[in-house]
Amino acid sequence: MPLKIYNSLSRRKELFESLIPGMAGMYVCGPTVSGESHLGHARPYITFDVVYRYLMYKGFKVRYVRNITDAGHFEEEGREAIDKINTRAALEKTEPMELVQKYTNLYHWAMNQFNCLPPSIEPTATGHIIEQIAMIEELLRAGYAYEVNGSVYFDVMKYSAHYDYGKLSGRIPEDLLETTRQLEGQEEKRNKADFALWKKAPAKHLMRWKSPWGEGFPGWHIECSAMATKYLGKQFDIHGGGMDLLFPHHESEIAQSTICNQVAPVKYWMHNNMITINGKKMGKSYNNVITLSQLFSGDHPLLEKAYHPMVIRFSILQTHYRSTFDFSNEALQAAEKGLRRLWDAYTTLQSLGRMDDQGKTDRGLDEKINILLEGFEEFMDDDFNTAKVLANMFELVPYINSMKDKTILPESLTDETWRKMKTFFKIFIEEIFGLQAPGQTTDSKLEDVLQVLIDLRKIAKAKKDFVTSDRIRNELSAAGILLKDEKDGSVSYSIQ
RNA sequence: GGUCCUGUGGCCGAGUGGCUAGGCAGAGCUCUGCAAAAGCUCGUACAGCGGUUCGAAUCCGCUCGGGACCUCCA
């Protein structure tokens with residue numbers, strides 16, 4: 001079945017055809033590691049993790065490149081004052097790479113919690129200064145950039161005379177000239193729409209590299225162009241990132257790469273929408289961020305409790321990636337229960353056995369289930385509609401639970417449907433959606449202890465000593481462990 | 001101010017010109033020593049006003065509300 005992707009460039013869904021058959025190249029804008037990632041950052045990484053996984057499922061050999069932006073003005077808040085006093089000892093000074101390391105580690109930790117697969121290549125901006133300088137030189141040579149006082153700018157108006165600057169973001173270059181915003185170094189630019197390729201480092205600036213134009217640091221947009229070209233080629237299939245990067249970041253990337261490579265760099269531009277909080281985008285400048293570690297620990301005034309990374313992942317997948325997703329405790333708690341229900345049914349399904357096909361097939365049921373299963377891939381092919389896939393899964397949950405309770409016999413499905421149900425669930429839940437059990441213990445000692453209590457309770461129940469049996473259940477419940485008497489007489493438990 | 005997106009039942013959220021989204025919460029029933037879980041049943045929602053159409057929540061226009069980008073931003 002063919003995959004369709006919504007292309008921000010054309011503003012419609014297009015059939016996905018990779019430039020090289022059987023292979024797919026994808027670049028996703030990664031984090032700036034000057035601070036801890038927050039909930040908003042989780043969205044693109046989870047979204048494109050699923051895109052990555054799905055492309056592999058569709059049989060593509062994928063190279064997934066996601067950068068780390070570690071070049072810029074790196075200073076931890078509050079440290080500047082200290083630096084002024086301690087100027088002598090290297091150990092007492094702010095070391096930008098120390099911050100880079102700290103927040104890169106935190107970021108990797110969070111990605112791990114989310115079960116996001118590591119990208120094929122994770123290049124850093126500081127590791128590609130040479131490539132960026134080479135690209136800037138090429139832009140100067142081509143006449144689309146100019147140097148002023150040790151800084152280099154891209155000449156947007158010249159570019160737009162020959163190319164369409166604004167084709168991605170729908171912007172009109174002339175309009176950009178009238179922007180009223182005050183930008184640093186604005187007076188050096190020929191036009192307000194121009195953007196920096198290389199910035200001369202002020203005396204205070206900690207990160208600096210030698211360049212043909214003096215000591216400085218690369219502009220914001222050039223790193224992605226340089227690294228994407230290096231690892232994916234002059235043209236590649238998918239470029240992803242948040243919608244807020246559409247302009248100017250991605251628009252400028254197109255301009256730079258188009259001049260250097262003589263070809264537009266990206267075939268399919270994909271943009272995920274924002275996570276909002278009380279209707280407002282989550283972002284540093286809005287002062288409404290919840291960092292990922294706060295989210296996982298519940299340590300934030302806006303959080304009623306801690307949320308498991310899988311609950312976050314699940315709720316992000318319950319929303320289509322191009323819609324905004326409004327954060328609320330209610331939404332996450334609903335997701336928490338939903339995920340548990342889905343996961344329980346999934347586990348149940350995997351544990352269910354059945355006899356061979358004995359001609360007991362219930363055709364209506366078999367067909368119904370087949371349609372729901374076929375929907376998984378069909379919906380994913382329709383611009384990665386994870387929300388619809390999950391809806392289908394939930395529709396299958398009652399059938400699975402009924403099979404467990406024997407109100408529906410697994411034998412009422414054909415062998416083929418039965419196998420399909422088991423494998424599709426496994427592939428889509430675990431391999432494509434990357435979901436995992438939402439909070440399970442594997443502590444065997446705890447399991448042993450629980451088994452003792454369950455046995456004691458069983459004895460009490462057999463003697464109709466419900467005071468004792470209920471006490472065991474209630475006190476375990478208060479401790480966050482729920483006992484369930486199953487219909488077949490066994491007892492199961494789940495840890496909250 | 002410019003460009004663009006959006007407004008769905010108590011909450012979160014899919015979606016298509018005519019056919020039940022789904023989750024959570026709520027109500028009733030079944031099962032159960034009681035619970036929990038599970039199963040069954042129940043809500044007839046699509047900002048407002050016009051228009052196109054045999055038919056629109058889905059297309060068009062206007063009004064109102066929300067948001068994003070235009071500056072670092074996932």
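Values in this document were obtained by computation on a predicted structure and should not be read as measured data. The chains referred to below are lettered A, B, ... by the order of the sequence lines, with proteins before strands, and numbering in each begins at 1.
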Margin query: Rounded to whole Å, how long is the line connecting atom CG of A/Leu39 with atom P of B/rC12?
Written below: 16 Å
Notebook entry, point to check: If you check every side-chain atom of A/His38, which of B/rA14, B/rA74, B/rG33 has the closest atom?
Noted result: B/rA74
Next item on the list: Check the distance between B/rC5's C1' and A/Leu168's CG and give it to me in whole angstrom.
Entry: 15 Å
Next item on the list: Can you tell me, in whole Å, how much space there is between the C1' of B/rU6 and that of B/rC42?
Entry: 32 Å
Next item on the list: Taking atom C1' in both B/rU16 and B/rC46, compute the distance separating them and give it to the nearest angstrom.
Entry: 13 Å
Note to self: Under 4.0 Å, counting only non-hydrogen atoms across every strand here, what does A/Ile275 touch: a base, just sugar-phosphate, or nothing?
What the structure shows: base
Next item on the list: Using the ring pair (Phe, Tyr, Trp, His ring centres under 6.0 Å) rule, pick out the option among A/Tyr159, A/Phe154, A/Phe247 that qualifies with A/Phe195.
Entry: A/Phe154
Check: On a whole-Å scale, what distance lies between the P atoms belonging to B/rG1 and B/rU63?
Finding: 13 Å
Note to self: Rounding to an integer number of Å, can you tell me how far A/Arg322 CZ sits from B/rA14 C1'?
What the structure shows: 12 Å
Check: When all nucleic acid strands are considered with a 4.0 Å heavy-atom cut-off, which category describes A/Arg11: base, sugar-phosphate, or nothing?
Finding: sugar-phosphate
Check: When you look at NZ of A/Lys200, are more than 12 heavy atoms from neighbouring residues, nucleotides or ligands closer to it than 6.0 Å?
Finding: no
Check: Counting any heavy atom closer than 4.0 Å, what does A/Met243 reach on the DNA or RNA strands: base, sugar-phosphate only, or nothing?
Finding: nothing
Next item on the list: Scan every strand shown for a Watson-Crick or G-U wobble partner of B/rA38, both distances under 3.5 Å, and answer none if you come up empty.
Entry: B/rU30
Check: With nearest nucleotides of RNA chain B determined for A/Val397 and A/Thr276 from heavy-atom distances, which residue corresponds to the more 5′ nucleotide?
Finding: A/Val397
Next item on the list: Could you encode protein contacts along nucleotides 20-25 of chain B as a string, one character per nucleotide from 5' to 3', using B for base contact, S for sugar-phosphate-only contact and - for no contact, with a heavy-atom cut-off of under 4.0 Å?
Entry: -BSSSS
Next item on the list: Measure from CZ on A/Phe327 to P on B/rG66 and round the result to the nearest Å.
Entry: 22 Å
Check: What is the nucleic acid contact for A/Met393, judged by heavy atoms within less than 4.0 Å: base, sugar-phosphate only, or nothing?
Finding: nothing
Notebook entry, point to check: Looking at the side chain of A/Thr319, which of B/rA14, B/rG33, B/rA74 is the nearest nucleotide?
Noted result: B/rA14
Checklist line | Carboxylate-amine/guanidinium contact A/Asp382 A/Lys13, below 4.0 Å | finding: yes
Next item on the list: Decide yes or no on side-chain contact (heavy atoms from CB on, under 4.5 Å) for A/Trp269 and A/His250, but give the supporting numbers first.
Entry: CA-CA 9 Å; A/Trp269 282 94; A/His250 292 156; 3.2 Å; yes
Check: To the nearest Å, how far apart are A/Arg340 CZ and B/rA37 P?
Finding: 11 Å
Margin query: Counting only Watson-Crick pairs (N1-N3 plus N6-O4 or O6-N4) and G-U wobbles (N1-O2, O6-N3), all under 3.5 Å, who is the partner of B/rC69?
Written below: B/rG2
Next item on the list: Grab the CG-P distance between A/Asn278 and B/rG66 for me, whole Å please.
Entry: 14 Å
Item checked: Watson-Crick/G-U partner (both atom distances under 3.5 Å) of B/rG7 -> B/rC64
Item checked: Gap in Å between the two P atoms, one belonging to B/rG22 and one to B/rG65, rounded -> 34 Å
Note to self: Regarding A/Gly241, tell me which of base, sugar-phosphate or nothing describes its non-hydrogen contacts under 4.0 Å with the strands shown.
What the structure shows: sugar-phosphate
Check: When rounded to the nearest Å, what value does the distance between C1' atoms of B/rU53 and B/rC59 take?
Finding: 10 Å
Note to self: What's the closest nucleotide to the side chain of A/Phe325 if the choices are B/rA74, B/rC12, B/rG15?
What the structure shows: B/rC12
Item checked: C1' spacing across the pair B/rC64 / B/rG23, given as an integer number of angstrom -> 31 Å
Notebook entry, point to check: So what does A/Leu483 hit on the nucleic acid, given a heavy-atom distance under 4.0 Å: a base, only sugar-phosphate, or nothing?
Noted result: base
Margin query: Side chain of A/Ser469, heavy atoms from C-beta onward: which of B/rG33, B/rG67, B/rC70 has the nearest atom to it?
Written below: B/rG33
Margin query: Donor-acceptor pair, distance only, cut-off 3.5 Å: does the side chain of A/His221 make one with the backbone of A/Gln256?
Written below: no
Checklist line | SB check A/Arg363 A/Asp366 (cutoff 4.0 Å) | finding: no
Notebook entry, point to check: What nucleic acid atoms does A/Asp485 come within less than 4.0 Å of, heavy atoms only: base, sugar-phosphate, or nothing?
Noted result: base
Checklist line | Minimal non-hydrogen separation, A/Thr126 against A/Ile129, with atom names | finding: O-CG1, 3.4 Å
Next item on the list: Sort out the partner of B/rU16 for me: Watson-Crick or G-U wobble, both distances under 3.5 Å, none otherwise.
Entry: none
Margin query: Just to be sure I understand the rule, does A/Lys461 reach a base, reach only the sugar-phosphate, or reach nothing, if contact means heavy atoms closer than 4.0 Å?
Written below: base
Next item on the list: Return the nearest nucleotide to the side chain of A/Asn401; candidates are B/rA37, B/rC69, B/rG39.
Entry: B/rG39
Note to self: Of the options B/rG15, B/rG39, B/rA74, whose atoms approach the side-chain atoms of A/Pro398 most closely?
What the structure shows: B/rG39
Margin query: At 4.0 Å (heavy atoms only), tell me whether A/Tyr286 reaches a base, stays on the sugar-phosphate, or touches nothing.
Written below: sugar-phosphate
Next item on the list: Mind calculating the distance between OH (A/Tyr165) and C1' (B/rC70) to the nearest angstrom?
Entry: 11 Å
Next item on the list: Answer with base, sugar-phosphate or nothing: what part of the nucleic acid does A/Leu246 contact at a heavy-atom distance below 4.0 Å?
Entry: nothing
Checklist line | Test: A/Glu411 and A/Arg354 ion pair at under 4.0 Å | finding: no
Note to self: Does B/rA36 have OP1 or OP2 under 4.0 Å away from a side-chain N or O of A/Ser477?
What the structure shows: no
Notebook entry, point to check: Does any N or O donor sit under 3.5 Å from an N or O acceptor when you compare the side chain of A/Arg473 with the base of B/rC34?
Noted result: yes
Check: Should A/Asp470 and A/Arg457 count as an ion pair when the cut-off is N to O under 4.0 Å?
Finding: no
Checklist line | Of A/Lys464 and A/Ala331, the one whose closest RNA chain B nucleotide lies more 5' | finding: A/Ala331
Item checked: Euclidean distance for P, B/rA36 against B/rU30 (whole angstrom) -> 14 Å
Next item on the list: Heavy atoms only: give me the nearest A/Arg322-A/His271 pair and the separation to one decimal.
Entry: CG-O, 3.7 Å
Item checked: Spacing of the C1' atoms in B/rU52 and B/rG39 (rounded, Å) -> 46 Å
Margin query: Quick test of your reading of the model: are A/Glu475 and A/Arg471 salt-bridged, counting only N-O distances below 4.0 Å?
Written below: yes
Checklist line | Minimum-distance nucleotide (side-chain atoms of A/Asp470 versus B/rG67, B/rG33, B/rA74) | finding: B/rG33
